[in-house]
Protein chains: 2
Amino acid sequence: MELHKHSEMCDCNEVHSEVVDRVKEVMEDTEVLYSLSDFFKVISDSTRIRIMAALDSGEMCVCDLSALLEMTKSAISHQLKVLKDAKLVKSRREGKNVYYSLKDDHVRLIFEMGIEHIKEID
Amino acid sequence: MELHKHSEMCDCNEVHSEVVDRVKEVMEDTEVLYSLSDFFKVISDSTRIRIMAALDSGEMCVCDLSALLEMTKSAISHQLKVLKDAKLVKSRREGKNVYYSLKDDHVRLIFEMGIEHIKEID
DNA sequence: TGAATGGTTGAACAACTGTTCAACTGTATT
DNA sequence: AATACAGTTGAACAGTTGTTCAACCATTCA
């Protein structure tokens, strides 16, 4: 995951320090924002988002996802691992197959809001 | 932005084609999902998300953002351009300063849902 | 037990992306 | 007109990331 480091340099001479100080107080905590960007990073990959859109219809095995998205099982499996680490999907084995499904209803809402957003843009 | 290309290979022998076909029908259109991942990509960078969190308190000039986030004006400016291209912020010039502000109330909701989500994870 | 299929994993490569640096434009002030 | 400061821009570099490839494990079936 991202390292979240940056230089400490600010090359400004004149700053509205009353504004900066006030925002510094009110603004969401930096660590929370780092977690938030990490979360969005997980769902910002087109393969992962297509996997989640597929699983929105119900559980599927790796093979079926591979056929649906026209990608190798390996590529799908790698991305499923990322989604699982982020606790966005869960899995269960049944014989030779491993079935994946969405873990969180919450994420569905974020999806819908995102789609609503991009459809509203001029 | 991302190229959204992938190989067409599927290395599966046995596929539940009735499942795959059904999901293919129901599933959100691929192009929409590509746009969606592009949108999430914009807000998945920690610098950009911190800029947006700052602008949530009101408009700020590049210099103040630079001081607040302890980064160079150049770095801030580059990211502001990305946010502006994505129509997430707007700008106005006043003398030597350029003031940026959030363009879309919609995004605030997506933010809040994201924060709610990461705070709910076990 | 051996063969076949489903799935996972780690290394490597290529593509992408964020920051830096230097040069530049725009505006105000003297 | 010259200076100073705010902000922008493009190239370059380093760090990150997604897919491929090959090898591997797990399970079923003959």
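Reckoned from all heavy atoms, side chains included, excluding hydrogens, waters and symmetry mates. A note on names: the letters A, B, ... follow the listed sequences, proteins ahead of strands, and every chain is numbered from 1.
- Atoms CZ (B:Arg92) and C1' (D:dG7) sit 15 Å apart, rounded to a whole Å.
- When distances are taken from the side chain of B:Cys63 to each of C:dT19, D:dG7, C:dT9, the shortest belongs to D:dG7.
- One can place CG of B:Leu69 at 17 Å from C1' of C:dT20, the figure rounded to the nearest angstrom.
- Within the helix from C:dT1-D:dA30 to C:dT30-D:dA1, the inter-axis angle between the opening and closing five-pair segments is 10°, rounded to 10°.
- At the phosphate of C:dG18, neither OP1 nor OP2 sits under 4.0 Å from any side-chain N or O atom of B:Thr47.
- Spacing between atom CD of A:Glu59 and atom P of C:dG7 amounts to 12 Å, rounded to whole angstrom units.
- Nucleotide C:dA15 holds its P atom 16 Å from the NZ atom of B:Lys41, rounded to whole Å.
- B:Asn97 contributes no side-chain N or O that, together with a main-chain N or O of B:Tyr99, makes up a donor-acceptor pair within less than 3.5 Å.
- Here A:Glu28 does not pair with B:Arg50 in a salt bridge; the nearest charged N to carboxylate O distance is not below 4.0 Å.
- The interatomic distance linking A:Phe40 (CZ) with D:dT17 (P) rounds to 17 Å, in whole Å.
- Toward the 5' end of DNA chain D, the nearer of the two residues A:His78 and A:Glu94, judged by each one's closest nucleotide, is A:His78.
- Across all non-hydrogen atoms, the minimal contact from A:Asp45 to B:Ser37 is C-CB, 4.0 Å.
- DNA chain D is contacted by both B:Ala75 and A:Gln79; B:Ala75 maps to the nucleotide lying nearer its 5′ end (nearest heavy atom per residue).
- Ring geometry, B:Phe40 versus A:Phe111: the interplanar angle falls from 30° to 60°, so the pair is classed tilted.
- Taking the side chain of A:Asn97 as heavy atoms from C-beta on, and the options C:dG7, D:dG18, C:dT27, the nearest nucleotide is C:dG7.
- Among the protein residues, B:Tyr100 comes within range of the sugar-phosphate backbone only, with heavy atoms under 4.0 Å from sugar or phosphate atoms but none that close to a base.
- A sub-4.0 Å separation between OP1 or OP2 of C:dT20 and a side-chain N or O of B:Thr72 is present.
- Nucleotide C:dG6 holds its P atom 14 Å from the CG atom of A:Leu65, rounded to whole Å.
- Distances were taken from every side-chain heavy atom of B:Val98 (C-beta onward) to each of D:dT8, C:dT8, D:dA6; the shortest belongs to D:dT8.
- Ionic pairing of B:Arg108 and B:Asp56 is present here: one or more N-O contacts between side-chain nitrogen and carboxylate oxygen are shorter than 4.0 angstrom.
- B:Lys73 has its NZ atom 17 Å from the P atom of C:dC24, to the nearest Å.
- In this model, the phosphate group of C:dG18 is approached by a side-chain N or O of B:Arg48 to a distance below 4.0 Å at OP1 or OP2.
- Separating the NZ atom of A:Lys81 from the C1' atom of C:dT9 is a distance of 9 Å, rounded to the nearest angstrom.
- For B:Ser44 (side chain) and B:Lys41 (main-chain N/O), a donor-acceptor pair under 3.5 Å exists by modelled atom type.
- Annotation for A:Ala54 and A:Leu65: closest pair CB-CD2, 3.9 Å, computed over non-hydrogen atoms.
- Between the side chain of A:Ser74 and the base of C:dT9, a donor-acceptor pair under 3.5 Å is found.
- Using modelled atom types, one side-chain atom of B:Arg48 and one backbone atom of B:Val42 make a donor-acceptor pair closer than 3.5 Å.
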